[in-house]
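Contents: one structure, followed by commentary.
All chains are named by letter (A, B, ...) in the order of the sequence lines, taking the proteins before the strands, and each is independently numbered beginning at 1. Because only heavy atoms are used, hydrogens play no part in the values below, and waters and symmetry mates are left out as well, while side chains stay in.
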Number of protein chains: 2
Amino acid sequence: MAHNHDEKLKIAAANMPNDRVLFELSDLFKVFGDTTRMKILFSLFEGELCVCAIAELLKMEQSAVSHQLKILKNANLVSFRREGKTNCYFLADEHVKSIIAQGLVHIEEEI
Amino acid sequence: MAHNHDEKLKIAAANMPNDRVLFELSDLFKVFGDTTRMKILFSLFEGELCVCAIAELLKMEQSAVSHQLKILKNANLVSFRREGKTNCYFLADEHVKSIIAQGLVHIEEEI
DNA sequence: TTATCATATGAATATACATTCATATATTTG
DNA sequence: CAAATATATGAATGTATATTCATATGATAA
């Protein structure tokens, strides 16, 4: 036990969210932390798209896109509706854009 | 080439950010996507802390904390100042809180 | 029903990464 | 200077995960 910082530690500890919140928060951001998923989200900014359209746009295999869409769906970032043989995916709500917008502000401020 | 979705694809493609932005964005969110780093960020919400204080608070090895602080520093989420033998880390700017706040809004809205 | 199209999914693989361990660096104190 | 303290860092390891491949499911059309 080296130098003392009990006061500051108490304050920091008192303001630390519980584990559930910490896990859910980092799990949420983890979903944004992948280029493929980020591309998928941006592709849905202007409206819904079916899986094969996304795959064509990103030049990726349909399977890979489906796997990532599942992750996005589990995180409540996208939803979909069935239309005949296709599944049309769309952004689940406006938070998605808000969160990305905050990220954009940050990266655009680096000199 | 199955059914047609050229119109929607054009719109989506036109609004897709360039690769640099996509990479920087997902790289930024990736940094938030880890429980340890999230804890470190929250521990700095009320003010600066030295490395050993963070390690003590999180009950983690100093080395692990240092490694994660480096990642946070590279992402411009934290800065530090030298004070004698210790390094005092603090949040780099208010974006950090804004981004986390947006994430909190999202996870708290799940029913 | 059979064939086709659109999507989902399990298993396998390759890569990314968080933590640990050992050690290096830097500052202060004796 | 040597010893102690605070931190940083490279290498190794184990785990998480993105993609691919093969295949299953589900809907429509012939």
State which of dC21(C), dT7(C), dT20(D) makes the closest approach to the side chain of Glu61(B). dC21(C)
Any cation-pi pair here, Lys97(B) with Phe45(B), using under 6.0 Å and within 45°? yes
Is there a side-chain contact between Lys73(A) and Tyr89(A), using heavy atoms and a 4.5 Å cut-off? yes
For Asp27(A), give me all partners under side-chain hydrogen bond (donor to acceptor under 3.5 Å, both in side chains), at least two apart in sequence or on another chain. none
Report the distance from atom CE of Met60(B) to atom P of dA8(D), rounded to the nearest whole Å. 14 Å
Quick one: side-chain hydrogen bond (donor to acceptor under 3.5 Å, both in side chains) partners of Glu83(B), sequence neighbours excluded? Arg81(B)
If I take atom CZ from residue Phe32(B) and atom CE from residue Met38(B), how far apart are they, to the nearest 0.5 angstrom? 6.5 Å
Scan residues 38-47 of chain B for pairs that pass side-chain hydrogen bond (donor to acceptor under 3.5 Å, both in side chains), counting only residues two or more places apart or in two chains. none
Among dA8(D), dC21(C), dA8(C), which nucleotide sits nearest the side chain of Val51(B)? dA8(D)
Of the nucleotides dT27(C), dG26(D), dT20(C), which one has an atom closest to the side chain of Arg82(B)? dT27(C)
Nearest-angstrom distance from the residue atom CG of Asn87(A) to C1' of dT28(D): 14 Å
Nearest-nucleotide comparison on DNA chain D, the residue closer to the 5′ end among Tyr89(B) and Gly84(A): Tyr89(B)
His5(A) NE2 to dT5(D) P, straight-line distance once rounded to whole Å: 13 Å
CG/Leu25(B) to CD/Gln102(A) distance, rounded to the nearest 0.5 angstrom? 11.5 Å
Return the value, rounded to whole Å, for the distance between atom NZ of Lys85(B) and atom P of dA8(D). 15 Å
Mind checking if Phe80(A) touches a base, just sugar-phosphate, or nothing, with heavy atoms under 4.0 Å? nothing
Once you apply a heavy-atom cut-off of 4.0 Å, does Thr86(B) come out as touching a base, just sugar-phosphate, or nothing? sugar-phosphate
Short side-chain N/O contact to dC17(C) OP1/OP2 from Lys30(B), under 4.0 Å: yes
Quick one: does Gln68(A) reach the base of dA18(D) with a side-chain donor-acceptor pair under 3.5 Å? no
Between atom CD in Gln62(B) and atom C1' in dA26(C), what is the gap in whole Å? 13 Å
Atom pair distance, as rounded to whole Å: CZ in Phe23(B) and P in dA18(D): 14 Å
Only counting residues at least two apart or in another chain, list the ones meeting ring pair (Phe, Tyr, Trp, His ring centres under 6.0 Å) with Phe90(A). none
Among residues 33-47 of chain A, which contact DNA chain D at a heavy-atom distance under 4.0 Å? Asp34(A), Thr36(A), Arg37(A)
Tell me what Ile54(A) touches on the nucleic acid: a base, only sugar-phosphate, or nothing, going by heavy atoms under 4.0 Å. nothing
Does the side chain of Gln62(B) pick up a donor-acceptor pair with the side chain of Ser66(B) at under 3.5 Å? yes
For nucleotides 10-12 of chain D, list the nitrogen or oxygen atoms of the protein found under 3.5 Å from its nitrogen or oxygen atoms, one pair per line.
{"unit_1": "dG10(D)", "atom_1": "O6", "unit_2": "His67(B)", "atom_2": "NE2", "d": "2.8"}

Please give, in whole Å, the distance from dT20(C) C1' to Leu58(B) CG? 16 Å
Keeping Asp34(B) on the side-chain end and Lys30(B) on the backbone end, is there a donor-acceptor pair under 3.5 Å? no
Using atom CG of Asp27(B) as one end and atom C1' of dA16(C) as the other, report the distance to the nearest whole Å. 12 Å
